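The next block holds one structure in the form of structure tokens; read it before the comments.
Labels below follow one simple rule: chain letters A, B, ... track the order of the sequence lines, proteins then strands, and each chain is numbered from 1. The basis for the numbers below is simple: all heavy atoms, side chains too, and nothing from hydrogens, waters or symmetry mates. Just so it is clear, the structure is predicted and the values come from calculations on it, not from any experiment.
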Amino acid sequence: MRLIITEKNDAAKKIAGILSGNGVRSDSYLKVPYYMFDDVEGTPSVAVGLKGHVVQVDFPPEFSEWRKVEPRELIDAPLVKTETAKSVVRTVKKLAADADSLIIATDFDREGELIGLEALNLAVEENGRLVRFVRRARYSALTPGEIKRAFSNLDHLSEPLALAGEARQDIDLIWGATLTRFVSLATGRLGSQFLSVGRVQTPTLVLIAEREKERRAFVSEPFWVVKVDLEAGGQRFSALHKEERFSDEARATAVFEKLASPGKVTAVKQTSRKVQKPAPFNTTSFTSAATSLGYSAAAAMRIAEDLYMSGHISYPRTDNTVYPQSLDLREALEVLANGEFAREVAQLLSRDSLHASRGDKRTTDHPPIYPTGSPRRGELGDREWRLYELVVRRFMATLSDDAVMESNRVDVNITGEPFVARGNRVLSAGWLEHYPYSRQKDLELPLLNEGDLVDVVDKQIDARETQPPARYGQGTLIELMEKHNLGTKATRHAIIQNLYDRGYVHGNPVEPTEMGMKMAEALQEYAPRIASPEMTAELEKDMDLISERDLTKEQVVRISRDLLRQAYGMLETNRQAVASKIYEGITDDRILGDCPKCGTHRIRIIRSKATKKRFVGCEGYPDCDQTYPLPQRGDVIGTGEICPQCGSPKVKILGGRRPWILCLDPHCPTKAEYAAKRAARASKAAAAGEGDGEAATTAKKTGTKAAGTKAATTKTAATKTAAKKPAAAKKTTAKKPAAAKTTTARKTGTATRATRSKATEPAPSGDGGEA
DNA sequence: GCAAGGTC
């Protein structure tokens, strides 16, 4: 019998179906399914799927007690492999016992080669004769053509490639465990509170921390924008002063004040441009698009996994952005022909030929993500449906046409000042028809000719200030990680989640805690190698050398151990400095804001020595005795906000299904509302049978169109007025004598803007990653 | 109880 081992059950099942001449009998052992069949030549075969890695590298048990082992000892400690999926291992061994040949059919990438070697070792342990009859099937899609091709062109397992993967495993564990224990022991953060360090997570944290530093160093500068509302032929449109940003208020005001009807058109320009259809989805672009729809990266991947397991979409963990030859695109469309997208699909199917877009990344692992099933809307939950629809729409978009956009520009001279009105509209929607997510509304300008006169019906002057670079959203962060080669398609979302779980970051967009900032800083200073993407870059090079047999795994790991020994020496010498730096961050994280009672001191989280319970108290004690109770579970994060009702600082409690924002004053009237809301949510979740805490993730991708600027958010009395009656307070009309109104015009203009921009910002409580 | 990498 021929034994075929794949990386996952789904692949074993599909391969059996494709290769069988006369049907497949499925059976299982210890709940692990396997598939028996005779191929077209009559060879009896059995296919079984692993669950990814089924063994794990680890230290022997005598190194497991953190307090009893110097972290330094881990550097040269022996490594052992332990079985992590015992039932799978036993099933593989049971099937290997009866096999006379073995085909490794794990994924076509480096990690697949390593998983294949692990499976081979297990099989040979059980049945030594197999070692002479091992072949490797390499396929990049689970399609009949591709599988048949791979199985009629069997290859050999590349041991050097698998060993390159092992080198990575060993180095990650040795560095990660040694440094994780070092920082945890140095700061006394043991048990569930431990602080972690790793080749991927630490440089990722550094990226986040560096952006935060830029934000803190940013000095915002005021500027003024002068805008007019114009009218021609009954159609209203707006124009901006050509200068766009005035750095001089007096000059802006002077320009504003002299503006009067009419304006004269000095130039009209029209251009059209092609907007290319998007590339097929790989994991990175899919998660990025999903985070724009309000999903956390981890939630998007979990739902994608569900959709894949239900047969609705193809394998969701892929780097590939080019549909392989073996994928029949027309057939894939036909799957959708009778479903919810029938009309749009029919339109594409009516074409003589289909031309798909191609992305930059072409890999051998899997096809890009595309729909493979056609569930009805009601079959899926709303959150599942919206991601399925995203995949379908992207797929259709990649088979559609480029869009054509028209841009219009009208230059207008108003009392000697140059103004510019810009418009745009879609001439030919093409792919935008199928994929409306990023589509902007048309902004039409009236038909004008040079020399035409236009009415100035309104004018505004807005005071704004330049804004620091935005924090990263999870989608942007994943793209950034990919750019730096940090993590893989299958792990990036989990790495980010890990930073949340460790308390290094919180919020959405991703904001570092003070502890996270200091951890990044300490490691950058005392162990720079682990804090930079360079370590990964060099490891990648070494892995290539191993797979080409220019270096051995042992050589690479030995050099890495030497480097770690040096890094460790530096950390040990500066143990105190490292610990106190991280403590500084931890201490800063406890400060929740100014004390509402004394106003001179700050309030912070304290743990009572007597009762071991935590509470909030004023730093001015005993002069000020202000205290607040705190929930005893979950991490407490200061929000920097004050409750408008009770005047006490608001805090965020993490650790439940979703972050919980509350004001410290237990008698605040908002408490009743919270209680009611929580109760309503709880009963809703109970009714749905699942509350995954992701519903709060309503954040949108931060818009970058404003090129780093948005309205100043100074809160003045005018803000409230404007927010309540925008129509009245919004603008100063050009007809009124402007002189006395200048200040008002500026303030209210700002306030209106502030209100508006606020509405498009991410929901402050949308902590997708923390749920 | 450590990492990062698979997959459920």
Side-chain angles (χ1 to χ4, degrees), chain A residues 5-12 31-33 49-61 63-69 71 73-75 77 79 81-82 84-85 87-88 106-119 162 164-185 189-205 283 301-310 315-318 365-366 481 485-499 501-502 530 535-536 539-540 543 560 564:
Chain A
I5 300 180
T6 66
E7 194 157 320
K8 45 194 161 281
N9 174 53
D10 186 56
K31 292 187 185 162
V32 177
L50 303 171
K51 286 180 181 172
H53 287 289
V54 293
V55 294
Q56 185 183 250
V57 60
D58 217 337
F59 298 108
F63 291 87
S64 60
E65 278 227 49
W66 292 29
R67 267 174 266 230
K68 290 186 183 158
V69 180
E73 291 176 44
L74 297 179
I75 302 174
L79 296 173
K81 288 214 173 180
T82 56
T84 49
S87 56
V88 179
T106 46
D107 289 357
F108 190 1
D109 53 23
R110 184 175 56 220
E111 214 63 24
E113 213 70 8
L114 174 55
I115 292 169
L117 179 61
E118 289 164 0
E166 266 193 351
R168 182 211 51 76
Q169 272 190 338
D170 293 0
I171 289 168
D172 280 342
L173 176 67
I174 298 168
W175 278 77
T178 304
L179 298 183
T180 292
R181 288 194 193 181
F182 174 82
V183 293
S184 297
L185 286 163
R189 300 263 300 200
L190 295 167
S192 61
Q193 299 264 73
F194 76 92
L195 300 177
S196 60
V197 178
R199 174 181 57 86
V200 177
Q201 61 170 278
T202 302
T204 304
L205 176 61
T283 305
M301 286 311 290
R302 208 209 55 227
I303 292 173
E305 173 72 23
D306 283 350
L307 291 170
Y308 160 67
M309 292 308 285
S310 321
Y315 190 64
R317 289 179 280 269
T318 173
D365 55 352
H366 298 279
M481 289 173 77
N485 219 340
L486 291 171
T488 72
K489 68 230 172 189
T491 58
R492 289 187 188 112
H493 67 277
I495 298 278
I496 294 174
Q497 187 60 50
N498 191 28
L499 295 178
D501 294 344
R502 294 281 181 273
I530 196 79
M535 179 166 172
T536 297
L539 181 58
E540 285 289 337
M543 284 195 285
S560 186
L564 175 57

Shortest non-hydrogen separation from A:Pro33 to A:Asn9 and the atoms involved:
CG-OD1, 3.3 Å

Assuming nearest nucleotide by heavy-atom distance, tell me which of A:Met309 and A:Leu74 is located more 5' along DNA chain B.
A:Leu74

Scan A:Leu190 against the nucleic acid and name what it touches under 4.0 Å (heavy atoms): base, sugar-phosphate only, or nothing.
base

Of all heavy-atom pairs linking A:Pro316 and A:Met301, the shortest is O-CE, 4.0 Å

For A:Ser196, which contact category applies under a 4.0 Å heavy-atom criterion: base, sugar-phosphate, or nothing?
sugar-phosphate

What contact category does A:Gly112 fall into here, base, sugar-phosphate, or nothing, at under 4.0 angstrom with non-hydrogen atoms?
nothing

Across the strands shown, which category fits A:Val197 at heavy-atom distances under 4.0 angstrom: base, sugar-phosphate, nothing?
sugar-phosphate

Outer limits of DNA chain B sitting under 4.0 Å from a non-hydrogen atom of chain A, read 5' to 3', are B:dG1 to B:dC8

Within the 4.0 Å heavy-atom criterion, would you say A:Arg199 contacts the bases, only the backbone, or no part of the nucleic acid?
sugar-phosphate

Salt bridge A:Lys68-A:Glu73, side-chain N to carboxylate O under 4.0 Å
no

Can you say whether the rings of A:His366 and A:Tyr315 are parallel (under 30°), tilted (30 to 60°) or perpendicular (over 60°)?
tilted

Give A:Lys51 one of three labels, base, sugar-phosphate or nothing, depending on what nucleic acid heavy atoms sit under 4.0 Å from its own.
base

So what does A:Asp58 touch, heavy atoms closer than 4.0 Å: a base, only the sugar-phosphate, or nothing?
base

Checking the side chain of A:Thr491 only, and the main-chain atoms of A:Gly487 only, is there a donor and an acceptor separated by less than 3.5 Å?
no

Which part of the nucleic acid does A:Glu305 contact within heavy-atom distance under 4.0 Å: base, sugar-phosphate only, or nothing?
sugar-phosphate

With a 4.0 Å cut-off on heavy atoms, is A:Gln56 in touch with a base, just the backbone sugar-phosphate, or nothing at all?
base

Please answer whether the main-chain N or O of A:Ala490 pairs with a side-chain N or O of A:Arg317 as donor and acceptor at a distance below 3.5 Å.
no

Passing option when A:Glu540 is tested against A:Arg168, A:Arg199, A:Arg110 for salt bridge (Lys or Arg N to Asp or Glu O under 4.0 Å):
A:Arg110

Name the residue closer to the 5' end of DNA chain B, choosing between A:Arg502 and A:Asp10 according to the nucleotide with the nearest heavy atom.
A:Arg502

